[in-house]
*Asks:* 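Below you'll find the structure I mean.
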Number of protein chains: 2
Amino acid sequence: MAEPMRTRGRPAASPVAAREETPLYELIELLFFAYRDFVGEADRLLESYGFGRAHHRVLHFVNRHPGLTIAALLDILRITKQSLNRVLKELVAKNFIEARAGATDRRHRQLYATETGERLAHDIARLQTRRFATALEEVGPGARETATRFLQAMIDAPERERVMSLIASGRERTK
Amino acid sequence: MAEPMRTRGRPAASPVAAREETPLYELIELLFFAYRDFVGEADRLLESYGFGRAHHRVLHFVNRHPGLTIAALLDILRITKQSLNRVLKELVAKNFIEARAGATDRRHRQLYATETGERLAHDIARLQTRRFATALEEVGPGARETATRFLQAMIDAPERERVMSLIASGRERTK
DNA sequence: GGAATATGTCAACATTGCTGACCTAAATGG
DNA sequence: CCATTTAGGTCAGCAATGTTGACATATTCC
């Protein structure tokens, strides 16, 4: 493997331009393949319902955050309302998601997973959980803690807080 | 946080159906956001060249494996030759990739990144490496080893060997 | 009551997957 | 040497999911 010396602990805040890191090709490619397989598995299940990834993302976050509004969802997914609406309309039509007018402000639409939707969301979460659980077991003790912190650190710094509090605010008990 | 007890080390090979794991929503969502930011950064750079993610994937693997053939590339990316050809044609036209007839079998086309292509591939790899390096530093010593093994374990088991030897066979010195 | 807000919708387009069909050039085997 | 296989290119059309821009509607707020 012959790692050059430059990969020592901390490249020391040397002259900015001089700091040239050895490319971490291994990690770059591993993340590509890991993510591919991670979502590919869900894709296969979704296909049997006539849904795609976009549907899953919507269903997932609505299930995790019952009562979510359109605006909040747009903020999470960072897509346009037109893109969202296309898939959301289908999810509502097929009775996986239900939209109710907001209690206080009737302009808002609050989204809820129906029982059917909850079931599908949970089925996919189970597949993905299984993959994580098996992987973590394989890596050994402490893997979960490290993997969690690692993934957090991979998120754009200015985004991190928002994402973390979003995750923390997911409903605690699902099923 | 109140993690239920079920998340102990190993769920013990109990009756198959009874084993219901607590969904690892935190990891599921972290991976989603981490990957989004990871590729988003590259997307922005690629956009200025009129390229998309598909172009990047091709350029990346050709740069890592000079002399790669079409068939080998199709096998790595798992897309159709029509999809590949669309982006490959553009990469060749814009002089980021060069195709030469195979030395022994002239039916094969061997692909090489041009100097321009190499530069772009490297620029993106640098961005992504920086992200990994910063994240790993943040997590602390041993993070790289654990992250590597974790990502490996997330890949479909039957695929793993193929992927690992592909990664290992990347050219050792890039730039 | 006018302005701002939350959402829906229509039309058009780009990227990147897909299938199916068909074409050429080169190698290979009998 | 000719038929077949192999490697690749290309055309046409379609699907999913992202984008902009423009405009409509209902509701709330000042």
Side-chain angles (χ1 to χ4, degrees), chain A residues 32 35-36 39-40 42-62 67-94 97-112, chain B residues 32 35-36 39-40 42-62 67-94 97-112:
Chain A
F32 168 69
Y35 193 77
R36 154 112 85 54
V39 296
D43 284 348
R44 287 194 292 280
L45 211 179
L46 288 160
E47 213 177 324
S48 57
Y49 290 84
F51 292 141
R53 275 178 211 188
H55 300 87
H56 176 219
R57 290 201 279 269
V58 171
L59 179 59
H60 173 90
F61 283 107
V62 168
L68 207 61
T69 66
I70 303 288
L73 197 43
L74 287 178
D75 198 45
I76 292 170
L77 300 176
R78 292 180 174 290
I79 57 176
T80 59
K81 64 177 171 175
Q82 294 91 329
S83 283
L84 171 58
N85 227 272
R86 194 158 35 199
V87 296
L88 182 54
K89 213 168 8 178
E90 287 169 24
L91 284 163
V92 170
K94 290 188 180 172
I97 284 183
E98 201 179 0
R100 299 201 273 271
T104 62
D105 187 335
R106 293 174 40 80
R107 286 173 306 181
H108 287 97
R109 295 184 67 193
Q110 302 201 291
L111 305 172
Y112 299 87
Chain B
F32 168 69
Y35 193 77
R36 153 113 86 55
V39 296
D43 283 349
R44 286 194 294 280
L45 211 179
L46 288 160
E47 211 178 326
S48 58
Y49 290 85
F51 292 141
R53 272 178 213 190
H55 299 88
H56 176 219
R57 289 201 279 271
V58 171
L59 180 58
H60 172 92
F61 284 107
V62 168
L68 207 61
T69 65
I70 303 287
L73 198 43
L74 288 177
D75 198 46
I76 292 171
L77 300 177
R78 292 179 175 292
I79 57 176
T80 59
K81 64 176 172 177
Q82 294 90 328
S83 285
L84 171 57
N85 228 272
R86 195 158 35 198
V87 296
L88 182 54
K89 213 168 9 177
E90 287 169 24
L91 285 164
V92 170
K94 291 188 180 172
I97 284 184
E98 201 179 1
R100 300 201 272 272
T104 62
D105 187 335
R106 294 176 37 81
R107 285 173 307 181
H108 288 96
R109 294 182 69 193
Q110 302 201 293
L111 305 172
Y112 298 88

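Side-chain atoms are counted along with the backbone in the values below, which use heavy atoms only and exclude waters and symmetry mates. Owing to the predicted nature of the structure, the values given are computational and were not obtained by experimental measurement.
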*Asks:* Using whole Å, what does the distance between atom C1' of nucleotide C:dC18 and atom CG of B:N85 come to?
*Replies:*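 In whole Å, C:dC18 C1' and B:N85 CG are 15 Å from each other.
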
*Asks:* Going by the angle between their ring planes, with limits at 30° and 60°, are B:H60 and B:H56 parallel, tilted or perpendicular?
*Replies:*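 Perpendicular.
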
*Asks:* Nucleotide by nucleotide, 5' to 3', does protein get under 4.0 Å of the base (B), only the sugar-phosphate (S), or neither (-) in nucleotides 22-28 of chain D, counting heavy atoms?
*Replies:* B----BS

*Asks:* Can you name the side chain to side chain donor-acceptor pair (under 3.5 Å) partners of A:R53, sequence neighbours left out?
*Replies:*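 For A:R53, the residues satisfying side chain to side chain donor-acceptor pair (under 3.5 Å) (neighbours in sequence not counted) are A:D43.
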
*Asks:* Rounded to whole Å, please give me the gap between CD1 in A:I70 and P in C:dT9.
*Replies:* 10 Å

*Asks:* Taking C-beta and beyond as the side chain, do B:I76 and B:L68 meet within less than 4.5 Å on heavy atoms?
*Replies:*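 When only atoms from C-beta onward are counted, B:L68 and B:I76 do touch, with a gap below 4.5 Å.
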
*Asks:* Round to the nearest Å and state the distance from B:L73 atom CG to D:dA7 atom P.
*Replies:* 15 Å

*Asks:* Using atom CG of B:L84 as one end and atom C1' of C:dC18 as the other, report the distance to the nearest whole Å.
*Replies:* 14 Å

*Asks:* Where the side chain of A:R86 is concerned, which of D:dT19, D:dG8, C:dT7 is the nearest nucleotide?
*Replies:*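 Ranking D:dT19, D:dG8, C:dT7 by closest atom to the A:R86 side chain puts D:dT19 first.
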
*Asks:* Identify the two heavy atoms, one from A:L91 and one from A:H55, that lie closest to each other, and give their separation to 0.1 Å.
*Replies:*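 Between these two residues, the closest heavy atoms are CD1-O, 3.6 Å.
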
*Asks:* Quick one: A:R36 CZ to C:dG17 P, roughly how many Å, whole number?
*Replies:* 10 Å

*Asks:* Check the distance between C:dT16's P and B:D43's CG and give it to me in whole angstrom.
*Replies:*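 Atom-to-atom, B:D43 to C:dT16, this comes out as 9 Å.
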
*Asks:* Look at the side chain of A:K81 and the backbone N and O of A:A71, then say whether any donor-acceptor pair between them is shorter than 3.5 Å.
*Replies:*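 Not a single qualifying donor-acceptor pair exists.
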
*Asks:* For a quick test of reading the model: is some side-chain N or O of A:S83 closer than 4.0 Å to OP1 or OP2 of D:dT19?
*Replies:*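 A:S83 to D:dT19 OP1/OP2: side-chain N or O found under 4.0 Å.
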
*Asks:* Do the side chains of A:K94 and A:Y49 get nearer than 4.5 Å, heavy atoms only?
*Replies:*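 They are not in contact (no side-chain heavy atoms under 4.5 Å apart), so the answer is no.
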
*Asks:* Checking contacts here: which listed nucleotide (C:dG17, D:dG18, D:dT17) is nearest the side-chain heavy atoms of A:H55?
*Replies:*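 Of C:dG17, D:dG18, D:dT17, D:dT17 is nearest to the side chain of A:H55.
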
*Asks:* Can you check whether B:T80 has a side-chain N or O nearer than 4.0 Å to OP1 or OP2 of C:dC18?
*Replies:* yes

*Asks:* Hey, is the side chain of B:H108 poking within less than 4.0 Å of OP1 or OP2 on C:dA26, counting only N and O atoms?
*Replies:*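 No, no such contact exists.
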
*Asks:* Taking the side chain as C-beta and beyond, is there a heavy-atom pair between B:F61 and B:L111 under 4.5 Å?
*Replies:*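 The answer is no; the side chains never approach within 4.5 Å.
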
*Asks:* Can you tell me the distance, in whole Å, between the CD atom of A:E47 and the P atom of D:dA16?
*Replies:* 10 Å

*Asks:* Whole-Å distance between C:dT7 C1' and A:D75 CG?
*Replies:*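 These atoms are roughly 16 Å apart.
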
*Asks:* Nearest heavy atom decides the nucleotide; on that basis, is B:Q110 or A:A54 closer to the 5' end of DNA chain D?
*Replies:* B:Q110

